[in-house]
Amino acid sequence: MTKMFKIALPDGSVREMPEGSTPADVAAAIGPGLAKAALAAKVDGEVRDIMRPFDGDSSLALITSRDEAEALELVRHDFAHILAEAVQNLFPGTQITFGPATEDGFYYDFAPAPARGPFTEEDLPVIEEEMRRIIGADKALIREVWTRDQVRDFFEKSGEAFKAEWVMELPAGETITMYRTGEGEAAWVDLCRGPHLASTGKLDSSAFKLTRVSGAYWRGDPKNPMLSRIYGTAWLNKKQLDAYLVRLEEAAKRDHRKIGQEMDLFHLQAEAHGSVFWHPNGFVIYRQLEAYMRRRIDEAGYQEIKTPQLMDARQWEKSGHWGKYRENMFVVPDEIPHAPEDGEDDDRPILSGDADLMALKPMNCPGHILVFKQGITSYKELPIRFYENGSCHRNEPHGALHGLMRVRQFTQDDAHIFCREDQIVEEARAFCELADRVYKDLGFAGYSVKLALRPDKRFGSDEDWDKAEDELREAVVAAGMATEEFGWEELPGEGAFYAPKLEWHLRDAIGRTWQVGTLQSDRVLPERLDATYVGEDGQKHRPMMFHRAIFGSYERFIGILIEHYAGKFPIWLAPVQAVVATIVSDADAFARQVASKLAAAGIRVVTDLRNEKINYKVREHSLAKVPLLLVVGKREADEGTVALRRLGSDEHQKMMSLEEAVVMIRNEAVPPDLV
Ligand SMILES: [Zn+2]
Ligand SMILES: [Zn+2]
């Protein structure tokens with residue numbers, strides 16, 4: 001008699017299926033619509049091929065294109081295989097290595113035949129064509145289980161040195177799966193963990209595009225051969241692909257590096273890899289944000305401090321950073337000047353024995369604990385909230401640096417809150433509200449709050465984790481933000497190894513998301529650095545510590561603002577708020593008078609008295625994204641009026657008296673927290 005398996009479906013029903021049946025059979029039994037739509041299966045929580053037979057009684061959820069994240073990942077992985085097959089069909093002698101799905105598509109790394117050299121962008125159209133042919137052929141993607149030696153023999157025989165090398169590093173007894181695309185002569189095989197869709201025909205051949213090529217070292221190591229990497233973007237359908245391409249184009253227009261140059265905000269150069277040179281215009285934005293944040297934290301009961309850039313390496317050992325973080329820290333010798341004695345001609349500095357190595361701070365936390373530890377703190381003084389515009393250095397590889405978004409020197413809007421156990425939820429709740437005000441003031445109407453939960457590898461007991469996660473969850477509920485409106489979501493496995501954290505993800509003007517704010521509870525560092533307070537019972541207790549930031553870093557946040565606003569900052573943040581431009585030189589004296597009235601009202605204003613056509617001046621100042629342009633000619637000078645034009649407004653210029661204009665602009669330039 002055939003053995004029957006019980007397959008439990010998400011609606012609670014159970015189907016009996018004979019041994020050997022697959023999720024595809026279940027889909028077909030439910031109905032032809034589902035059989036067509038089902039892309040893969042989740043069997044006992046694991047994503048699997050829809051054609052892979054059940055191992056026994058199982059729970060089953062079918063994955064369709066409605067499960068977008070999972071469907072996209074599967075589809076992108078399929079495209080990577082098809083890319084590799086296409087390249088090997090077109091360019092015999094090319095060796096394959098690896099090709100994963102990425103955030104918006106896929107890539108594959110190849111070792112081209114030596115005579116051929118690396119792939120170029122010119123190769124992409126013909127490769128795309130061949131990929132379309134493979135999709136059109138609707139070849140089955142078949143999972144097979146091989147032994148390690150079979151895999152090695154297969155790859156050695158087919159001249160795939162990279163794959164053969166890789167497979168021998170897997171443990172000897174490991175079950176290895178190979179995926180075969182198609183059958184017989186036309187089959188193409190790759191080592192792969194899967195899962196995949198049932199056949200290439202499940203993909204939409206109009207929903208992908210090969211985007212670029214680059215070099216990449218085999219296994220990321222510069223000592224290894226350079227491979228040729230081909231990137232693609234892939235989606236579920238053409239509509240999604242087109243929307244993505246428009247988004248890319250829009251993002252390129254908003255690139256903060258491009259706008260930063262057009263508006264003369266900052267520059268970067270190789271002499272200071274990853275450290276920003278702020279120009280006067282850019283630093284206006286920086287200072288406005290600093291001043292804004294200071295007002296917000298003053299109001300919220302924080303105290304601002306400043307801690308040293310350089311500390312003894314041993315201090316970093318104590319805090320645990322030296323062990324975990326050493327490769328990201330800039331270390332400098334602690335040299336002391338050396339006054340040569342008589343007869344000695346060596347006046348070079350010598351290494352201090354007190355601290356032979358020092359490190360630039362990669363974070364501010366240990367410094368804040370050292371301030372907290374000065375003197376004796378009573379329970380009555382808690383919570384203590386220390387804020388610092390904390391300049392940090394982290395050693396990032398040159399290749400990872402990206403404009404203002406990824407730098408080596410940055411300034412965090414960093415604070416640490418030391419509190420008692422009974423104050424935790426209230427402190428976290430208050431932070432949620434503070435962050436909310438800041439993001440809305442800065443023009444981000446939409447953001448989401450997420451709770452990153454315990455990872456697999458972690459410190460501490462499950463009870464500690466239950467407690468720490470509950471505290472943060474409770475705080476968000478108390479702030480009224482654990483709702484769909486605030487994009488509330490819990491992210492299993494994404495917390496740090498010592499504690500859970502709340503994350504704020506901003507949505508920008510073109511729908512991209514940026515993780516900026518964090519609130520993280522920490523009971524480990526106060527313990528390591530022995531921070532205590534005296535409780536009501538007269539005994540020493542450990543404070544709980546929150547790490548928290550709202551901008552994250554000023555550098556990256558300004559980068560995000562530039563792209564969000566496409567450089568068209570709200571007036572309070574604009575580097576130059578108004579330009580007074582003349583039509584004729586007869587109006588020069590009046591223009592100067594207008595500018596000085598505005599400057600006296602606190603407006604950042606410049607004059608443009610050049611002997612140029614007014615249209616030319618208008619074009620130039622709109623390119624520099626100056627929000628307000630006051631045009632004055634002979635008539636305005638005679639009548640004491642100005643013609644006001646707004647950046648990006650189709651409205652014609654508006655005539656008004658100088659006094660009216662000054663009052664209006666002064667009101668519009670008030671920062672949002674002072675309105
Ligand atoms: Zn694969
Ligand atoms: Zn911290």
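Please read these numbers as outputs of a predicted model, since none were measured by experiment. Indexing begins at 1, ligand by ligand and atom by atom, following the structure's order.
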What are the protein N/O/S atoms, named by residue and atom, that sit under 2.8 Å from the Zn ion (ligand 2)? Cys365 SG, His416 NE2, His547 ND1

For the Zn ion (ligand 1), which protein N/O/S atoms fall under 2.8 Å? Skip waters. His77 NE2, His81 NE2, Cys192 SG, His196 NE2

With a 4.0 Å cut-off, would you call Arg219 and Glu165 a salt bridge? yes

Should the pair Arg385-Glu427 be classified as a salt bridge under the 4.0 Å nitrogen-to-oxygen rule? yes

So, Glu299 and Arg295, do they make that salt bridge, N to O below 4.0 Å? no

Is there a side-chain contact between Asp522 and Tyr498, using heavy atoms and a 4.5 Å cut-off? yes

Taking only residues two or more places apart in sequence or in another chain, which ones pass salt bridge (Lys or Arg N to Asp or Glu O under 4.0 Å) with Glu474? none

So does Glu317 pair up with Arg314, basic N to acidic O under 4.0 Å? no

Cut-off 3.5 Å, no hydrogens considered: what does the side-chain donor-acceptor table look like for residues 205-215, sequence neighbours left out?
residue	atom	partner	partner atom	Å
Ser206	OG	Asp204	OD1	2.7
Thr211	OG1	Tyr231	O	3.3

Pick from Phe410, Tyr292, Phe551, Trp504: which one makes a ring pair (Phe, Tyr, Trp, His ring centres under 6.0 Å) with Phe557? Phe551

Pairing of Asp464 and Arg523 as salt bridge, 4.0 angstrom limit: no

